Amino acid sequence: MNIKDKIKQNKKLKKIILWMLMPNGQARPRLWVSWFVNPFFHKKGKGARICRRTRMDVLPFNRFSIGKKSTIEDFCTINNGVGVINIGNNTRIGIGSVLIGPVNIGDDVRLAQNVVVTALNHNYEDVTKPISEQGVNTEQIYIGDETWIGANAVILPGVFIGKHCVIAAGSIVTKNVPSNSIVAGNPARIIKQYNKSTEKWERLTK
């Protein structure tokens, strides 16, 4: 059993360590963690840029990485508290967007403004307890290479988006999206797909 598993099984020790890493009731790390611990645990590729006004709620017990020449723009929130976040090369996370892990984003991906990608759900089943006391569950999100996600779109837990897709602005994506597809709506549905035989993007008939 490794140290991480031992800490998880010891509730008292886990509580002390979490208090050392972040203030009570907050998701963000303490300053000493951001300055002196995270740089040794997280990976930042050559030429990658995290803008100054980004809220980096990243902690050392889950991985965070951003690839070469990628950018996280101002006013974004990046949270790896409940799952790993990997961002590929030459990818841009647009102004005001939110990533809550576990999330894996490929290369050459574009997120427009105020996109929410959250792999987290709150448990609610026990009606004798407040939802805030029932913990959370997570399902990995994957966003394939060369995908473009429009402004104000929401990607929900467990969704797999293939390569070279377009997610229209304002879409709520609840199901997997195959490669070379355009989806739109709430819930999002495929409206166009690339046909390799005709070499054209074709609108799906209802």
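Just so you know, these numbers come straight off a predicted model, no measurement behind them.
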Going through the checks in order, is the side-chain contact (heavy atoms from CB on, under 4.5 Å) test met by Gln134 and His122? CA-CA 7 Å; Gln134 295 190 47; His122 288 273; over 6 Å; no
For Ser70 and Gly88 the tightest heavy-atom approach is OG-O, 2.6 Å
Under 3.5 Å, is there a donor-acceptor pair linking the side chains of Asn90 and Asp107? no
Side-chain heavy atoms nearer than 4.5 Å, only ILVMFWY residues, links allowed to pass through others: does that put Leu120 and Val116 together? yes
With under 30° as parallel and over 60° as perpendicular, where do the rings of Phe64 and His42 fit, or are they tilted in between? perpendicular
Say you draw a straight line from CG of Asp74 to OG of Ser97; how long is it, rounded to the nearest 0.5 Å? 12.0 Å
Walk me through whether Val117 and Ile105 qualify under side-chain contact (heavy atoms from CB on, under 4.5 Å). CA-CA 10 Å; Val117 181; Ile105 298 176; 5.5 Å; no
With a 4.5 Å heavy-atom cut-off, do Ile167 and Val115 have their side chains touching? no
Do Pro187 and Ile172 have side-chain heavy atoms sitting under 4.5 Å apart? no
Donor-acceptor check, side chain of Thr147 to backbone of Gly162, threshold 3.5 angstrom: yes or no? yes
Any link between Trp201 and Ile190 through a network of hydrophobic side chains (Ile, Leu, Val, Met, Phe, Trp, Tyr) touching at under 4.5 Å? no
Pair Asn80, Leu59 - check side-chain contact (heavy atoms from CB on, under 4.5 Å), show working. CA-CA 7 Å; Asn80 75 337; Leu59 293 149; 4.1 Å; yes
What's the separation between atom CD in Glu139 and atom CG in Asn121, rounded to the nearest 0.5 Å? 7.0 Å
Test item: Asn137 and Pro157 side chains (from C-beta on) under 4.5 Å apart, heavy atoms: no
Testing the basics here: between Ala112 and Gly150, what is the closest heavy-atom pair and its distance to 0.1 Å? CB-C, 3.7 Å
Lys69 and Asn89, any side-chain heavy atoms less than 4.5 Å apart: no
Closest non-hydrogen contact found for Thr91 with Arg110 is CA-NH1, 3.6 Å
Between the CD atom in Glu146 and the CG atom in Asp108, the distance rounded to the nearest 0.5 Å is 6.0 Å
Contact summary for Asn86 and Ser65, nearest pair of heavy atoms: OD1-OG, 2.7 Å
Would you find more than 12 non-hydrogen atoms of other residues, nucleotides or ligands less than 6.0 Å from Arg189 atom CZ? no
Between Ile191 and Val166, is there shared hydrophobic-cluster membership here, with clusters defined by ILVMFWY side-chain heavy atoms closer than 4.5 Å? yes
For residues Lys44 and Ala48, report the shortest heavy-atom separation together with the two atoms involved. CE-O, 3.2 Å
Separation of Met56 CE from Ile85 CD1 (nearest 0.5 Å): 7.5 Å
Looking at Val159, Val173, Ile149, Val177, which hits side chain to side chain contact (heavy atoms under 4.5 Å, CB included) with Ile143? Ile149
Qualifying residue, where the test is side chain to side chain contact (heavy atoms under 4.5 Å, CB included) with Ile78 and the options are Ile100, Asp57, Ile72: Ile72
Step by step, work out the side-chain contact (heavy atoms from CB on, under 4.5 Å) result for His164 and Asn180. CA-CA 5 Å; His164 205 100; Asn180 303 315; 3.4 Å; yes
Would you say that more than 12 heavy atoms from the other residues, nucleotides or ligands in this model lie under 6.0 Å from the CZ of Arg49, or not? no
Cluster check Val103, Ile50: I/L/V/M/F/W/Y, side chain < 4.5 angstrom: yes
Is there a path from Ile161 to Leu204 through hydrophobic residues (I, L, V, M, F, W, Y) whose side chains come within less than 4.5 Å of each other? yes
In short, Gly101 meets Thr138 closest at the heavy-atom pair O-CG2, 4.3 Å
Taking atom CD1 of Ile182 and atom SG of Cys165, what is their separation to the nearest 0.5 Å? 9.0 Å
Distance in Å, Ile93 CD1 paired with Leu99 CG, rounded so as to fall on 0.5 Å steps: 5.0 Å
Less than 4.5 Å apart, any side-chain heavy atom of Arg55 and any of Phe75? no
